[in-house]
Amino acid sequence: MEKENKRYEYRHIARIIVEAATPIAVGSGASDVVTDSPVVKDINGLPYIPGTSLAGVIRHALDLGRREDETNFFGYHDKDGGRGSRIIFTDAVMIGKDGLAVDGICQIDPSDDFYGWYQELPVRNHVRINEHGVNDRNGKFDNEVVYMGTRFVFEIELLSDQENDSWFDKTLATLYRDTMRIGGGTRCGYGKMKVVSCLRADLNLTEASDLAAYIKKPSCLSEKWTTFAEWQPSAADVRDDGWITYTLRLQPQDFFLFGSGFGDDDADNTPAVERVVEWGNGKPCFSQQRTLVPASSVKGALAHRTAYNYNKQNRLFIGNENACAGDDNPAVAAVFGSADGDGQSRGSRGNIIMSDVIGKEKCDKLFFHVKNDYFSGGTIDGALFQEKSVFGRDTIYGEEILVRKDVLEDTGVREALEQSLKDICSGLLPLGGCVGRGNGFFTGELLKDGGKI
């Protein structure tokens, strides 16, 4: 590739504030005594999003296609040399209790009623599910997440030779798409972000006033710069026609339980709950504990049911060697992805995106149980246990599910998935734990791209 020394006279700069619409998990790549995968934290002990993570996600979302476009925008390196990226990302630092970015070394009080919650972030427990729809042995793991509602601020700067650079418009617009996810576990409920504010400045450095403004621009993200102006993308740039949106509006019939993996002073098994950050007048505060419906739990049940419906519609019943579950099932592999094979095949990423749902403040009830002897039917000494289930009959839980259109061109795959979603809405597919004791039955409606099906 030809080397070049090009002069870029224009600077397009944006300062963006994003809010975690679901919990996020940008991993540090290490483990500690608390969790298998802690989130990355800055010098102040607060979570942040590295600029490299932002660059990678946006680079993938832009889908530049041609190698020439990609190297022109993000630079390249080869044996003959290379060229630096024309686009620059800062780290996304957290916005603190005063509504300003916590940028640089700051005095953070770990006992503060706001910052104190970030000293011990929520930990999610997971178990690997096998093809029978139950937990796999030795498949337990956990990870740390950042609270839903946490806000971050970062800047993007583009060096350009054009006064109106369409690539910068497209770059900013990707942040507004429903499919935009940041961090790990983006197919299991994490990483959805929403843009709270986007300030933009377009400068011509050959103009004295613009050059002076650029020189005076503060490097600290907590400081204001009067050259910025509000910016919004066009509807055409935000729209992503490659996905179908399914929406579940579910109402519990009685009790349900998505377990936390922990007990408390009253019960051996407690529901999953988390706090969220709420914003009012530009200042944050933490809510009380709220009921959590993990997308990973719903996804596991949905995948297992999709395999069942695919086998059923193809009349592949028990005893038929072509009947299969897990990622050996064509519908499951197409929608939910597959793991690495035995060295003969590579795994594939799922084509479905789901989000965690955090509802109202929890309303739970304590149940007492005793284990019975299978032969005599009598109780077993010392086998008393308790669980807390959530009562949510008066609450509607909305779950948005995005699936790639090209995957659903296969009629059999589409019908198996949609029938499984309908099964949830009709109460035929219970969700969560302890469904054998009456928990987890929902009723509701299913929408496809906003219309009922």
Side-chain angles (χ1 to χ4, degrees), residues 21-23 129 133 148 177-181 185-192 194 240 243-259 271-274 276 290-310 331-332 334-337 350-360 362 389-405 407-408 413-435 438-453:
T22 65
I129 302 298
M148 173 179 167
R177 293 179 182 172
D178 288 339
T179 53
M180 173 57 68
R181 298 292 191 274
T186 57
R187 293 298 191 268
C188 297
Y190 304 150
K192 185 176 182 180
K194 67 178 181 180
D240 192 339
W243 297 78
I244 291 176
T245 302
Y246 294 98
T247 304
L248 291 170
R249 293 177 178 168
L250 301 175
Q251 182 173 5
Q253 292 186 16
D254 280 302
F255 296 92
F256 64 91
L257 175 62
F258 293 91
V273 292
E274 274 182 15
V276 302
R290 293 187 177 184
T291 302
L292 168 66
V293 179
S296 56
S297 296
V298 179
K299 182 181 176 183
L302 185 60
H304 188 256
R305 191 69 169 195
T306 299
Y308 165 80
N309 282 317
Y310 185 84
V332 174
V335 177
F336 299 92
N351 292 294
I352 184 170
I353 300 177
M354 304 177 67
S355 298
D356 285 349
V357 176
I358 298 182
K360 296 181 179 179
K362 67 170 183 172
S389 295
V390 176
F391 181 75
R393 188 184 293 174
D394 60 343
T395 304
I396 301 295
Y397 291 86
E399 174 71 66
E400 187 178 86
I401 301 171
L402 304 173
V403 186
R404 289 191 63 89
K405 276 185 178 179
V407 171
L408 299 183
V413 172
R414 184 182 69 252
E415 291 179 352
L417 175 64
E418 291 183 354
Q419 183 58 53
S420 300
L421 293 170
K422 292 175 182 177
D423 288 347
I424 296 175
C425 295
S426 60
L428 294 176
L429 175 59
L431 301 174
C434 305
V435 296
N439 285 334
F441 290 87
F442 294 80
T443 56
E445 62 178 355
L446 172 64
L447 306 178
K448 182 177 180 180
D449 286 335
K452 290 186 178 180
I453 61 172

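Throughout, residue positions are numbered sequentially from 1 according to the sequence presented. Every heavy atom of this structure was used, including side-chain atoms; hydrogens, water molecules and symmetry mates were not.
- Taken from CG in L429 to CD1 in I424, the straight-line distance is 5.0 Å, to the nearest 0.5 Å.
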>> Could you go through V390 and F255, starting from their C-alpha distance and side-chain angles, then the distance that decides it, and tell me whether this counts as side chain to side chain contact (heavy atoms under 4.5 Å, CB included)?
In response: CA-CA 5 Å; V390 176; F255 296 92; over 6 Å; no
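- The salt bridge (Lys or Arg N to Asp or Glu O under 4.0 Å) contacts involving residues 292-310 comprise R305-D423, where partners must be two or more places apart or lie in separate chains.
- Under the 3.5 Å distance criterion, with hydrogens and angles disregarded, a donor-acceptor pair is assigned to the side chains of R181 and S355.
- The shortest heavy-atom contact between L248 and C425 is CD2-SG, 3.5 Å.
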Could you give the side-chain donor-acceptor pairs of residues 444-453 under 3.5 Å, partners two or more places apart or in another chain?
| from | atom 1 | to | atom 2 | distance (Å) |
| --- | --- | --- | --- | --- |
| E445 | OE1 | K452 | NZ | 3.3 |
| E445 | OE2 | R249 | NH1 | 3.2 |
| K448 | NZ | E418 | OE2 | 2.9 |
| D449 | OD1 | T245 | N | 2.9 |

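- Every residue meeting the ring pair (Phe, Tyr, Trp, His ring centres under 6.0 Å) condition with F258, not counting sequence neighbours, appears here in chain and number order: F256.
- In this structure, I401 and L421 have side chains that are in contact, with non-hydrogen atoms separated by less than 4.5 Å.
- Every residue two or more places apart in sequence or in another chain was checked for a salt bridge (Lys or Arg N to Asp or Glu O under 4.0 Å) with D240, and none qualifies.
- Closest approach of A295 and G189 over heavy atoms only: CB-CA, 3.5 Å.
- Considering every non-hydrogen atom in both P430 and V435, the closest pair reads CB-CG1, 3.6 Å.
- From T247, atom OG1 reaches atom CG of L402 across 8.5 Å, with rounding to the nearest 0.5 Å.
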> When you look at L417 and L302, which way does the side chain to side chain contact (heavy atoms under 4.5 Å, CB included) test go after all the steps?
Replying inline: CA-CA 8 Å; L417 175 64; L302 185 60; 4.1 Å; yes
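- When every heavy atom of D356 is checked against every heavy atom of T22, the shortest pair comes out as O-CG2, 4.0 Å.
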>> Using side chain to side chain contact (heavy atoms under 4.5 Å, CB included), reason through M148 and E274 one step at a time and then give a plain yes or no.
In response: CA-CA 9 Å; M148 173 179 167; E274 274 182 15; 5.9 Å; no
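- L431 and L250 make their closest contact through CD1-CD1, 4.3 Å (heavy atoms, listed as atom of the first residue, atom of the second, distance).
- In plain terms, the two heavy atoms of T186 and I353 that are nearest each other are O-CG2, 3.8 Å.
- The shortest distance between side-chain heavy atoms of F441 and D254 does not fall below 4.5 Å.
- Side chains of S420 and N309: a donor-acceptor N/O pair is present below 3.5 angstrom, by distance only.
- Put simply, OH on Y246 and CE on M354 are 12.5 Å apart, with the number rounded to the nearest 0.5 Å.
- Residues I244 and L408 are in side-chain contact: their nearest non-hydrogen atoms beyond the backbone lie under 4.5 Å apart.
- Taking CH2 of W243 as the reference point, atom CZ of R177 lies at 11.5 Å (rounded to 0.5 Å).
- Residues passing the ring pair (Phe, Tyr, Trp, His ring centres under 6.0 Å) test with Y310, sequence neighbours excluded: none.
- With sequence neighbours excluded, the residues satisfying side chain to side chain donor-acceptor pair (under 3.5 Å) with S389 are N439.
- With Q251 contributing its side chain and R393 its backbone, the two residues share a donor-acceptor pair below 3.5 Å.
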